[in-house]
Trainee: 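Here it is, the structure, as structure tokens.
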Amino acid sequence: MNKPVITTVQLLMLAAGSALVFPYTFMPILSTPAANQDVWAVLLLAFVYILIINAPLLFLMNRFRGLTINQTIDMIAGKILGKPAVMIFILFFMYCYIACSLITTHFINSYLFSATPRWMLMLFMTVPVCYAAYKGAGTIGRLSVFLVPLFMLTIIFFTLFGIHNMDFSVFSPVLTDSSFIGLNWSAFLTAARYSEILIFFVFSFYLNKKSSINKTYAVALIVFGVFYMLILIPTIAVLGVDFAKMSWNPYYVFTRQVNAFSFLERLQALNTLAWFPVTILKLTIYLFMACRVLSVMFKAKSHNRFVVPLAALGFIACNIPLLSNSDTIKLLSSNYVFPWVILPAIFVLPLLLAAVYLLRRKKLDPMIKKAQSHPVSEKG
């Protein structure tokens with residue numbers, strides 16, 4: 001089976017859609033120290049930190065273009081040290097899969113179906129996730145260009161029809177109640193949550209050779225930033241900072257205040273209808289990445305044999321009483337845990353790999369050219 005090819009738009013939608021799921025769900029930026037009327041400035045400043053944090057991985061992706069994440073790490077770190085490094089990424093993908101599953105089920109139990117058992121929700125989510133992950137990168141890419149634009153359209157819809165309820169005076173006075181250190185620390189914590197650079201790291205292997213990784217990354221980041229702002233500003237302008245911070249899902253609460261044409265009400269149903277499929281897509285992405293990297297590490301013919309076992313592992317983890325406790329879920333998604341789990345995978349380890357590559361550049365460059373001229377197939 002030949003390697004599937006995904007387009008620039010598909011990769012862009014995968015990254016932007018996955019990144020928007022969390023602010024659409026629980027808006028973690030409102031839990032940062034500088035979450036006041038200047039939170040919009042925190043979001044703008046966060047993109048500076050995202051670029052800094054993502055720089056090592058972007059460098060590696062461009063230098064090792066066309067190679068798998070396993071090949072990249074094995075060339076740099078060697079076969080012995082390479083496997084533990086690859087395992088760190090696999091464990092991180094599974095952590096994201098489990099954490100996202102817990103957050104999703106917590107939202108559904110809290111706002112939609114309070115009497116539905118968690119195991120039933122997980123089963124309902126796991127089946128489509130397994131099917132899409134089993135079908136592979138091409139199917140996941142095609143799903144993204146169908147689901148994510150509809151998801152983004154709901155953000156535009158709620159923004160337009162919620163304007164008459166917005167009070168922009170809540171954003172004043174501007175930059176008077178925030179310190180320079182507070183703004184930067186909050187921006188750093190927000191930026192450290194952006195793990196979608198790893199989607200580029202894995203899926204760039206499937207990207208059309210004529211496409212630019214840097215341009216695709218830049219556009220995806222811009223799209224993410226614009227729509228994040230369209231989620232954040234209307235929510236604060238309608239609910240106010242204090243009330244939005246108290247709500248676990250402030251954007252959903254905001255959409256409950258929106259009506260259209262004086263007779264269309266309960267439009268928050270559109271929120272749920274758009275949110276759930278893209279959440280399933282996000283879960284699929286991280287499960288596929290874990291399966292794909294694991295299959296290459298064990299030289300398996302396909303990633304398919306790992307889909308059900310890893311999904312079953314996630315299912316069991318999400319039904320452990322200690323993990324499924326609401327306090328544990330809030331802790332795992334908080335600034336005390338989530339950024340510090342993400343940062344080693346997206347910055348610390350890539351920075352070490354980039355440094356080793358630069359030290360061994362003369363030896364590695366011929367190996368890279370040779371590997372690029374003999375690309376691996378989808379079977380690994």
Trainee: Determine whether Lys83 and Asn70 make a side-chain contact, defined as any pair of heavy atoms from C-beta on separated by less than 4.5 Å.
Mentor: no

Trainee: Tyr194 pairs by ring pair (Phe, Tyr, Trp, His ring centres under 6.0 Å) with which of Phe188, Phe224, Tyr228, Phe200?
Mentor: Phe224

Trainee: Ring centroid separation for Trp275 and Tyr252, is it under 6.0 angstrom?
Mentor: no

Trainee: Can a donor-acceptor pair be found, under 3.5 Å and without considering hydrogens, that links the side chain of Lys282 to the backbone of Cys100?
Mentor: no

Trainee: Parallel under 30°, tilted from 30 to 60°, perpendicular over 60°: which one fits the rings of Phe93 and Tyr286?
Mentor: tilted

Trainee: When rounded to the nearest 0.5 angstrom, what distance separates CD1 in Ile280 from CG in Leu147?
Mentor: 10.0 Å

Trainee: Do Phe180 and Val39 sit in the same hydrophobic cluster, where Ile, Leu, Val, Met, Phe, Trp and Tyr count as joined when their side-chain heavy atoms come under 4.5 Å apart?
Mentor: no

Trainee: Do Phe124 and Ile98 sit in the same hydrophobic cluster, where Ile, Leu, Val, Met, Phe, Trp and Tyr count as joined when their side-chain heavy atoms come under 4.5 Å apart?
Mentor: yes

Trainee: Taking atom types as modelled, find out whether Ser18 and Glu196 have a side-chain donor-acceptor pair closer than 3.5 angstrom.
Mentor: yes

Trainee: For the backbone of Ala132 and the side chain of Thr284, can you confirm whether one donor and one acceptor N or O come within less than 3.5 Å of each other?
Mentor: no

Trainee: Any side-chain donor-acceptor pair under 3.5 Å between Tyr49 and Asn54?
Mentor: no

Trainee: Verify, without hydrogens or angle tests, whether Gln37 (side chain) and Val241 (backbone) share a donor-acceptor contact under 3.5 angstrom.
Mentor: no

Trainee: Under a 4.5 Å side-chain heavy-atom rule over Ile, Leu, Val, Met, Phe, Trp and Tyr, are Phe89 and Leu81 clustered together?
Mentor: no

Trainee: Is there side-chain contact between Ile6 and Asn208, with heavy atoms separated by less than 4.5 Å?
Mentor: no

Trainee: Considering only heavy atoms from C-beta outward, does the side chain of Thr255 approach that of Thr154 to under 4.5 Å?
Mentor: no

Trainee: Backbone N or O of Arg292 within a donor-acceptor pair of the Ser295 side chain at under 3.5 Å?
Mentor: yes

Trainee: According to the interplanar angle, ranging from 0 to 90°, do the rings of Phe288 and Tyr206 count as parallel (below 30°), tilted (30 to 60°) or perpendicular (above 60°)?
Mentor: tilted

Trainee: Find out if a path of hydrophobic residues (ILVMFWY) with successive side-chain heavy-atom gaps under 4.5 Å connects Leu273 to Phe254.
Mentor: no

Trainee: Do Met125 and Thr105 come close enough that some side-chain heavy atom pair is under 4.5 Å?
Mentor: yes

Trainee: Has Asn249 got a side-chain atom pairing as donor or acceptor with Phe26's backbone, closer than 3.5 angstrom?
Mentor: no

Trainee: Looking only at atom types and distance, does a side-chain atom of Gln71 sit under 3.5 Å from a main-chain N or O of Thr68, one as donor and one as acceptor?
Mentor: yes

Trainee: Taking the side chain as C-beta and beyond, is there a heavy-atom pair between Trp248 and His106 under 4.5 Å?
Mentor: yes

Trainee: I'd like to know if the side chain of Ser169 pairs up with that of Asp167 as donor and acceptor (distance under 3.5 Å, no hydrogens or angles considered).
Mentor: yes

Trainee: Using modelled atom types and a 3.5 Å cut-off, is there a donor and acceptor pairing between side-chain atoms of Asp177 and backbone atoms of Pro173?
Mentor: no

Trainee: Ignoring hydrogens and angles, state whether a donor on the side chain of Thr116 or Asn109 is under 3.5 Å from an acceptor on the partner side chain.
Mentor: no

Trainee: Considering all heavy atoms of both residues, which atom of Ala35 and which atom of Ile29 are nearest to each other, and what is their separation?
Mentor: CB-O, 3.9 Å

Trainee: Spell out, yes or no, whether Leu153 and Val258 are grouped together once hydrophobic residues are joined by side-chain heavy atoms under 4.5 Å, including indirect joins.
Mentor: yes

Trainee: Between Ser101 and Cys318, which heavy-atom pair has the shortest distance, and what is it?
Mentor: CB-SG, 3.5 Å

Trainee: Do Leu207 and Ile213 make a side-chain contact, defined as non-hydrogen atoms from C-beta onward lying under 4.5 Å apart?
Mentor: yes

Trainee: Which of parallel (below 30°), tilted (30 to 60°) and perpendicular (above 60°) describes Phe22 and Phe338?
Mentor: perpendicular

Trainee: So, Ser172 side chain and Val174 main chain: donor-acceptor pair closer than 3.5 Å or not?
Mentor: no

Trainee: May I ask you to decide if Pro321's main-chain N or O and Asn325's side chain share a donor-acceptor pair within less than 3.5 Å?
Mentor: no

Trainee: With the side chain counted from C-beta on, respond yes when Met166 and Gln257 share a heavy-atom pair under 4.5 Å apart, and no when they do not.
Mentor: no

Trainee: Would you sort out whether Asp365 and Tyr357 count as a side-chain hydrogen bond (donor to acceptor under 3.5 Å, both in side chains), showing the intermediate values?
Mentor: CA-CA 9 Å; Asp365 281 349; Tyr357 163 74; 2.8 Å; yes

Trainee: Under a plain distance cut-off of 3.5 Å, with no hydrogens placed, do Asn335 and Arg193 share a side-chain donor-acceptor pair?
Mentor: yes

Trainee: Tell me, with the steps shown, if Phe151 and Tyr24 meet ring pair (Phe, Tyr, Trp, His ring centres under 6.0 Å).
Mentor: CA-CA 10 Å; Phe151 178 71; Tyr24 204 92; 4.5 Å; yes

Trainee: Less than 4.5 Å apart, any side-chain heavy atom of Phe347 and any of Ile342?
Mentor: no

Trainee: Of Thr25, Thr279, Val21, Ile108, which is the lone residue that meets side-chain contact (heavy atoms from CB on, under 4.5 Å) with Ile103?
Mentor: Thr25

Trainee: For Thr32 and Ser186, indicate whether the former's side chain and the latter's backbone hold a donor-acceptor pair under 3.5 Å.
Mentor: no

